[in-house]
Amino acid sequence: MNEKERILIEKCKQGDTKAMSMLYEMYYRPMFNTALRIVNDFHFAEDVMHEAFIKAFERIESFRGSASFGAWLKRIIINESLQWIKKYGRFSTNRNENEFEAVEEPDETDWPSEKPEKIIRAMRKLRDNYRTILSLYYMEGYDYEEITQIMGISYENARTMLSRAKAALKKILTENNIL
């Protein structure tokens, strides 16, 4: 955390709305993108992001600096996004762990790096839980243990869901001649 960010956070803890506005401006775009990848709707992503910022500023006293402010805020954004999906019935996880079989680790080397915007557009066509797990793993950088906590699924389900999500995305990319 740089000095400017540390000072802004301290001012936010004192209720300084100008400091809150400055932190909002610093983090608006990446947090919006995170919410958009999960909720898959521009307007809802804005709502989710605004709600998450409100919660973050209400709970800023709990920020201790053990992680970066951006990481702390991103966790709030992801949780808000998942809560939104659950609330409006667009996200369903199958809690029957026996349904999923063990799968191999996803191979990260076979994704086309030159076409990220097309991949993101293709991801929007996926089921909510597939889009969410791909975003958490590949774009947000969470590991399986973190994903299991965020999504409320078992380790095996996370591995299987990621594998199936990747296969579904590959199918869409292949059908659209992107791969």
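The first residue of the sequence shown is numbered 1, and numbering continues consecutively from there.
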Working for side-chain contact (heavy atoms from CB on, under 4.5 Å), residues Tyr137 and Glu146 | CA-CA 9 Å; Tyr137 189 80; Glu146 293 167 316; over 6 Å; no

Is the shortest heavy-atom distance from the side chain of Asn129 to the side chain of Met161 under 4.5 Å?
-> yes

So CD of Glu61 and CD of Gln14: to nearest 0.5 Å the spacing works out to 9.0 Å

Sequence neighbours left out, what passes side-chain contact (heavy atoms from CB on, under 4.5 Å) with Met20? Give chain and number order.
-> Cys12, Phe57

Roughly how far, to the nearest 0.5 Å, is CD1 of Ile78 from CD of Glu80?
-> 12.0 Å

Leu73 to Ala56 - nearest heavy-atom pair and separation = CD1-CB, 3.6 Å

Quick check, are the ring centers of Phe69 and Phe63 under 6.0 angstrom apart?
-> yes

Ala158: partners by side-chain contact (heavy atoms from CB on, under 4.5 Å), with sequence neighbours left out = Ile133, Tyr144, Ile147, Thr148, Ile153

Go through the steps to decide whether Arg124 and Arg121 satisfy the test side-chain contact (heavy atoms from CB on, under 4.5 Å), and finish with yes or no.
-> CA-CA 5 Å; Arg124 291 185 180 136; Arg121 249 184 276 134; 4.1 Å; yes

Considering all heavy atoms of both residues, which atom of Ala168 and which atom of Leu126 are nearest to each other, and what is their separation?
-> CB-CD2, 3.7 Å

Could you give the distance from CG (Leu169) to OG1 (Thr174), rounded to the nearest 0.5 Å?
-> 9.0 Å

Is Met123 close to Met139 at the side-chain level, that is, under 4.5 Å between some pair of heavy atoms?
-> yes

Atom of Ser62, atom of Trp72 and distance for their closest heavy-atom approach | OG-CZ2, 3.7 Å

Take Glu51 and Gln83 through the test side-chain contact (heavy atoms from CB on, under 4.5 Å) and record every step on the way to the result.
-> CA-CA 11 Å; Glu51 287 298 317; Gln83 286 302 315; over 6 Å; no

Non-hydrogen atoms of Lys13 and Ile60 that approach each other most closely | CE-O, 3.3 Å

To the nearest 0.5 angstrom, please state how far the CZ atom of Arg127 sits from the CZ atom of Arg164.
-> 8.5 Å

Pairing residues for Glu3 by the side-chain contact (heavy atoms from CB on, under 4.5 Å) criterion, not counting sequence neighbours = Arg6, Ile7

Look up atom CG in Asn79 and atom CD1 in Ile76, then write down how far apart they are to the nearest 0.5 Å.
-> 8.0 Å

With sequence neighbours left out, write down each residue that passes side chain to side chain donor-acceptor pair (under 3.5 Å) with Tyr27, or none if nothing qualifies.
-> Glu5

Give a yes or no on whether the backbone of Thr17 and the side-chain of Ser21 come within a donor-acceptor separation of less than 3.5 Å.
-> no

Ignoring hydrogens and angles, write down the donor-acceptor pairs under 3.5 Å from the side chains of residues 29-38, residues two or more places apart or on other chains.
unit_1	atom_1	unit_2	atom_2	d
Asn33	ND2	Arg29	O	3.3
Thr34	OG1	Pro30	O	3.0
Thr34	OG1	Glu140	OE2	3.2
Arg37	NE	Glu140	OE2	3.4
Arg37	NH2	Glu140	OE2	2.3

Salt bridge (Lys or Arg N to Asp or Glu O under 4.0 Å) involving Lys125 - partner list, sequence neighbours excluded | none

Compute whether any side-chain donor of one residue and acceptor of the other, for His50 and Tyr28, lie under 3.5 angstrom apart.
-> no

Any idea which heavy atoms bring Ile172 and Ala122 closest together, and the distance?
-> CG2-CB, 3.7 Å

Backbone N/O of Arg131 and side chain of Ser135: donor-acceptor pair under 3.5 Å = yes

Spatial distance of atom CD1 (Ile119) from atom CG (Leu173) [nearest 0.5 Å] | 6.0 Å

Derivation and outcome, side-chain contact (heavy atoms from CB on, under 4.5 Å), residues Phe53 and Leu23 = CA-CA 10 Å; Phe53 268 99; Leu23 271 179; 5.8 Å; no

Cluster overlap Tyr130 with Tyr155, hydrophobic side-chain contacts below 4.5 Å | yes

